[in-house]
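Both ligands and their constituent atoms are indexed starting at 1 by order of listing.
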Amino acid sequence: MDPFASPIELLRPDERALVEAARRFGREQVAPAAAQWERTREVPRDAIRAAARHGLTAIEVPKAQGGQGAGFIAKTLIAETLARACMGFAFSLVNTQNVAARIAAQGSAAQIERHLAALIAGERMGGTSLTEPGAGSDFPAIATLARKVPGGWVIDGEKAWLTNAATAETIILYAKTAPDAGAEAIAGFLIDARAPGFERLPAYGLMGGHAIGAGGFRLSGFRVDDDALFYPPDQAFRRALAGINGARTYVAAMCCGMVAEALRVALDYGARRRAFGRRLLDHQGLRWSLADVAAELEAARLLTWRAAVLIERGEDAVLAAALAKKFAVEMAQRRLGQCMQAMGAEGLREEHPFGRHIACARIAGYVDGTTEMQNERIGALLERNYL
Ligand SMILES: Cc1cc2nc3c(=O)[nH]c(=O)nc-3n(C[C@H](O)[C@H](O)[C@H](O)COP(=O)(O)OP(=O)(O)OC[C@H]3O[C@@H](n4cnc5c(N)ncnc54)[C@H](O)[C@@H]3O)c2cc1C
């Protein structure tokens with residue numbers, strides 16, 4: 001596989017069809033609704049069910065388990081194409097598919113039976129809950145406590161910043177099994193948010209990113225049976241972080257998607273709008289400004305595709321994913337405003353995606369490791385890779 005070829009060439013025909021279905025779904029059903037979802041601060045469950053009918057809640061779930069059986073490159077391209085329309089929706093959907101894929105790959109027969117089909121059908125949403133009010137980047141500092149009792153566990157604590165917190169029924173929850181212990185005491189549980197002892201807290205007001213449905217919840221004497229244990233303490237920390245390179249890579253792809261769409265809208269407008277007797281695009285200053293956007297967009301795509309190919313091949317992608325996320329996030333934060341500027345005042349109107357995309361580029365700088373955490377990761381690997 002040549003990581004520098006357009007990665008669409010690397011896909012099987014059924015994966016290409018899935019990416020094409022996502023592209024059409026994004027253009028026809030997500031883009032026209034995204035501004036309304038932002039206004040009402042919620043995405044109707046019907047939109048998730050529609051995505052499910054296109055296979056987008058089960059991209060990586062094996063075909064034998066009712067999914068699409070697609071690889072990571074296809075997932076990356078789907079993330080880019082959906083984020084063109086609405087990164088909040090794309091992120092929410094991918095988080096549900098991630099839970100479905102983890103359950104399919106690592107769940108017990110009972111867990112698969114209880115959760116998988118409903119997630120694939122879009123009848124349930126999923127979320128993965130690490131962050132707490134007192135612990136974000138420093139994941140081992142979480143304080144939610146799971147106490148062993150006969151036949152199960154009782155969990156107490158408060159979680160914060162969960163994607164799909166407003167809606168998710170199936171949550172992979174990380175908690176400590178011993179107070180004041182370190183990462184080795186963290187276990188993963190597969191919980192049902194409709195059970196007693198689970199209290200949803202009001203979703204956050206989140207300018208431009210309401211489709212993510214981010215918020216917190218509280219667990220008070222929340223009782224689960226032994227078969228809710230998803231990862232035992234000796235595995236949970238490692239398993240939780242096992243998907244992080246993939247997450248960094250698809251967030252990078254989402255940033256590329258937002259900039260690609262912003263550039264397309266700005267070019268379309270610049271080809272029609274006239275000033276000083278010429279099309280906007282015939283003014284060299286404006287054209288050069290958008291040329292800068294195109295150059296950095298393509299550089300970010302290459303970094304993202306390289307990380308995606310390494311992940312699909314099962315090779316070490318730690319550095320590649322951190323480089324891709326850092327560059328693509330900062331590229332989007334730098335360049336989206338430039339596309340908006342090329343539209344004049346028209347770019348401010350909410351029927352254009354700039355406001356939502358700019359807010360989501362800020363969000364991309366926090367999720368799945370902040371830009372500072374990418375710097376930490378890249379910095380730790382500098383001598384090994386560049387000396
Ligand atoms: C919309 C949204 C959705 C999210 N979804 C989820 C989810 O589904 N599940 C989940 O578990 N979490 C989720 N998160 C939380 C996200 O993972 C955290 O925001 C992230 O880990 C950073 O934690 P924090 O915000 O608490 O910042 P902190 O860790 O408090 O950091 C604050 C600032 O200090 C910097 N900093 C911290 N440590 C260092 C250091 N050692 N060196 C230099 N700088 C440092 C950070 O980079 C940041 O700029 C979501 C966040 C957002 C915004």
What protein heavy atom sits nearest [atom], and how far off is it?
atom	value
atom 27 (O) of ligand 1	Ser137 OG, 4.1 Å
atom 9 (N) of ligand 1	Thr128 O, 2.8 Å
atom 26 (O) of ligand 1	Gly136 CA, 3.4 Å
atom 20 (C) of ligand 1	Tyr366 O, 3.5 Å
atom 44 (N) of ligand 1	Glu372 CB, 3.6 Å
atom 4 (C) of ligand 1	Trp161 O, 3.3 Å
atom 17 (O) of ligand 1	Thr131 OG1, 3.7 Å
atom 39 (C) of ligand 1	Met373 CE, 3.2 Å

ask   = Would Asp268 and Arg273 pass as an ion pair if we require N to O under 4.0 Å?
value = no
task = Answer yes if the side chains of Ser289 and Gln338 hold a donor-acceptor pair under 3.5 Å, and no otherwise.
result = yes
ask   = Does a side-chain heavy-atom distance below 4.5 Å link Ile155 with Leu145?
value = no
request  = Find out whether Thr128 and Ile171 are in side-chain contact, i.e. whether some heavy atom of one side chain is under 4.5 Å from a heavy atom of the other.
outcome  = no
As an exercise, identify every atom of ligand 1 less than 4.0 angstrom from a heavy atom of [X].
X	value
Leu130	10 (C), 11 (O)
Thr163	3 (C), 4 (C), 5 (N), 6 (C), 7 (C), 8 (O)
Val367	2 (C), 3 (C), 4 (C), 50 (C), 51 (C), 52 (C)

ask   = Any non-hydrogen protein atom below 4.0 Å of atom 35 (C) of ligand 1?
value = no
inquiry  = Can you check atom 49 (O) of ligand 1: any protein non-hydrogen atom closer than 4.0 Å?
reply    = yes
Could you pull out every donor-acceptor pair under 3.5 Å between side chains of residues 248-263 and any protein atom, sequence neighbours left out?
unit_1	atom_1	unit_2	atom_2	d
Arg248	NE	Asp368	O	2.9
Arg248	NE	Gln374	OE1	3.4
Thr249	OG1	Asn245	O	2.7
Tyr250	OH	Asn98	ND2	2.7
Glu261	OE1	Arg84	NE	3.2
Glu261	OE1	Arg84	NH2	3.3
Glu261	OE1	Arg264	NE	3.3
Glu261	OE2	Arg264	NE	3.4
Glu261	OE2	Arg264	NH2	2.9

ask   = Strictly under 6.0 Å, is that where the ring centroids of Tyr174 and Phe189 end up?
value = no
inquiry  = Centre-to-centre under 6.0 Å for Tyr204 and Trp161, is that the case here?
reply    = yes
Qualifying residues under side chain to side chain donor-acceptor pair (under 3.5 Å), relative to Arg12, sequence neighbours excluded = Asp14
note = The answer for which part of Ile363 has a heavy atom under 4.0 Å from ligand 1 is side chain
task = Hey, could you give me the CG/OG1 distance between Leu77 and Thr304, rounded to the nearest 0.5 Å?
result = 10.0 Å
